[in-house]
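First up is the structure itself, then whatever we jot down about it.
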2 protein chains.
Amino acid sequence: MTNPSPDLSPSIIVSAVRASCATCSMHQLCLPMGLGENDIDKLDQIIGRRRKVPRDGYLYRMDDPFTNLYAVRIGHFKTYQVNAGGEQQITGFQMAGELLGMDAISTDRHHCDAIALEDSEVCEIPFPRLEELFGSMPILLRHFHRMMSQEITREQSVMLLLGNMRAEQRFAAFLVNLASRYVARGYSSTSFQLRMSREDIGNYLGLTIESISRLLSKFKKQGLLKVSNREIELLDLVTLKAMAAGTETCS
Amino acid sequence: MTNPSPDLSPSIIVSAVRASCATCSMHQLCLPMGLGENDIDKLDQIIGRRRKVPRDGYLYRMDDPFTNLYAVRIGHFKTYQVNAGGEQQITGFQMAGELLGMDAISTDRHHCDAIALEDSEVCEIPFPRLEELFGSMPILLRHFHRMMSQEITREQSVMLLLGNMRAEQRFAAFLVNLASRYVARGYSSTSFQLRMSREDIGNYLGLTIESISRLLSKFKKQGLLKVSNREIELLDLVTLKAMAAGTETCS
DNA sequence: CGGCGGGTTGATTGCCGTCAAGGCATGTGG
DNA sequence: CCACATGCCTTGACGGCAATCAACCCGCCG
């Protein structure tokens, strides 16, 4: 699960090799999906810049004015809300090829904070310029709608998770979800690194850090997975999937 | 909160009085928001029909092919997901001026069931025809994006609710949310009817019907509200809002 | 060395789910 | 009219799951 492609260190590379959607390994998952060469070029021309965000750095903060969407190129992010009482809730973890900032369109201000979980890189997509493209690129528009819609359905399944599932089931669903997203990106579905802390996982799943720790130990004892620090290996994806689907009796 | 306008009974009225966005009382909340006369006309021309859905009737079901979005004209709906284990989770309650079906764009199939909570009426919006309009009506497109984005932020606040709040806070947030939506529609923010059963409320909030009942009794004792069956009156909206925001110590 | 952040594990508490009984309104049939 | 059933809701008693509180481990770093 370590990234094979361009290394992160010298920022000079980013400007030297003019990064483009056409050559990006994520272009079949990301915004340009399904576009022809011409259209990809047009999209490339509006992409502002590739922006690096260091680990724990903010990509944007709540109430920041909305100017760009961001496509994750490299790395992982988390987004979270904070309510008036100061409690925070992580609303999602984003990885390469996924879009950030769609929740800001409605009010022209960001509704959440976005923080990099590791040294990461995003493509800045100036939204007004993207809108200009929509008129002449129906395929792009269509795919953009799909991505927004997908975000809606994703959140609905989190609602199902938070509203109906017990701790064990939530955690299984979380692992299975990560596995499926990694496999879609060409990585192993059974062996990967947790980019987020136990605390982040717990917050996302509506549980405490202690519960996450206990669940990891329990699953380990049951032979469902191996875990060492943040390195994880899923040994019985079938059972985990059954647990996530709610078709497995909680042992 | 009873609807003043056209009665529901004889379906002939629907076709006789050619309903239109221009004359609809919801057009400042709904899809045509901000459109000029010409554009509203164009939008009107693609609206398929006004469809009635009786109480407890399905507007659409999970896995139905996606052809239309629906704008609620009259009445209330609930949408819910069902997982493989058969457990269901209500993902939202929709009222006049709100859009249903956006979660289906990503896969061309509906991801949830939508059921009318009372005799209701919707406008069918054939999505392919709506897409045709987008090219020439940037204002419409913009507003459509705002509505999708709003749905994303709405779901994020539900995630905050389900992930972080205690029962009392959840229920207060629920009531305050209803109040604000009714006031935006010109109704009283303090006195309205719950269109959904206690069971539906509990399911939506990740609680049991018994908890909802107890919370209603508790709030009644505290003088926060009056309730009789489904008729409700909020007596202390300030405190309820503070509870919802998490700035009130749970008494 | 000591402090610190992140993680694990154990003991205890408490919120809310579960189970159970009953209230109340409505409908149906005798 | 009553008897009875049904759906929706309320209230109480009890118990379980996960939160809370606390101690400790481990690796890292100044």
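Worth saying up front: this structure is predicted, and the values here are computed from it rather than measured. Just so we're on the same page: letters track the sequence lines, and every chain starts at 1.
- Judged by atom type and distance alone, R214(A) does not reach the base of dG7(C) through any side-chain donor-acceptor pair under 3.5 Å.
- In this structure, the ring of F77(B) has its center no less than 6.0 angstrom from the ring center of F93(B).
- F66(A) has its ring centre no less than 6.0 Å from the ring centre of Y60(A).
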Measure all distances between protein nitrogen or oxygen atoms and nitrogen or oxygen atoms of nucleotides 24-27 of chain C, and list the pairs falling under 3.5 Å.
none

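- The local environment of CD in E199(B) is sparse, with at most 12 non-hydrogen atoms from other residues, nucleotides or ligands closer than 6.0 Å.
- Side-chain N/O atoms of R230(A) and base N/O atoms of dG6(C) include no donor-acceptor pair closer than 3.5 Å.
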Give each protein N/O atom lying under 3.5 Å from an N/O atom of nucleotides 13-15 of chain C, with the pair distance.
residue, atom, partner, partner atom, Å
dC15(C), O3', R166(B), NH1, 3.2

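- Using cut-offs of 30° and 60° for the angle between ring planes, the Y182(A) and Y187(A) rings count as perpendicular.
- Residues of residues 199-212 of chain B that place a heavy atom closer than 4.0 Å to DNA chain C, in numerical order, are G206(B), L207(B), T208(B), E210(B), S211(B).
- A donor and an acceptor atom never sit less than 3.5 Å apart when one is taken from the side chain of R198(A) and the other from the base of dT9(C).
- Contact annotation for S213(B): base contact, defined as any heavy-atom pair under 4.0 Å involving a base atom.
- Atom NZ of K241(A) sits in a sparse spot, with 12 or fewer heavy atoms from other residues, nucleotides or ligands closer than 6.0 Å.
- The nucleotide whose nearest atom lies closest to any side-chain atom of S217(A) is, among dT10(D), dT9(C), dT11(D), dT9(C).
- Less than 6.0 angstrom separates the ring centroid of F219(B) from the ring centroid of F171(B).
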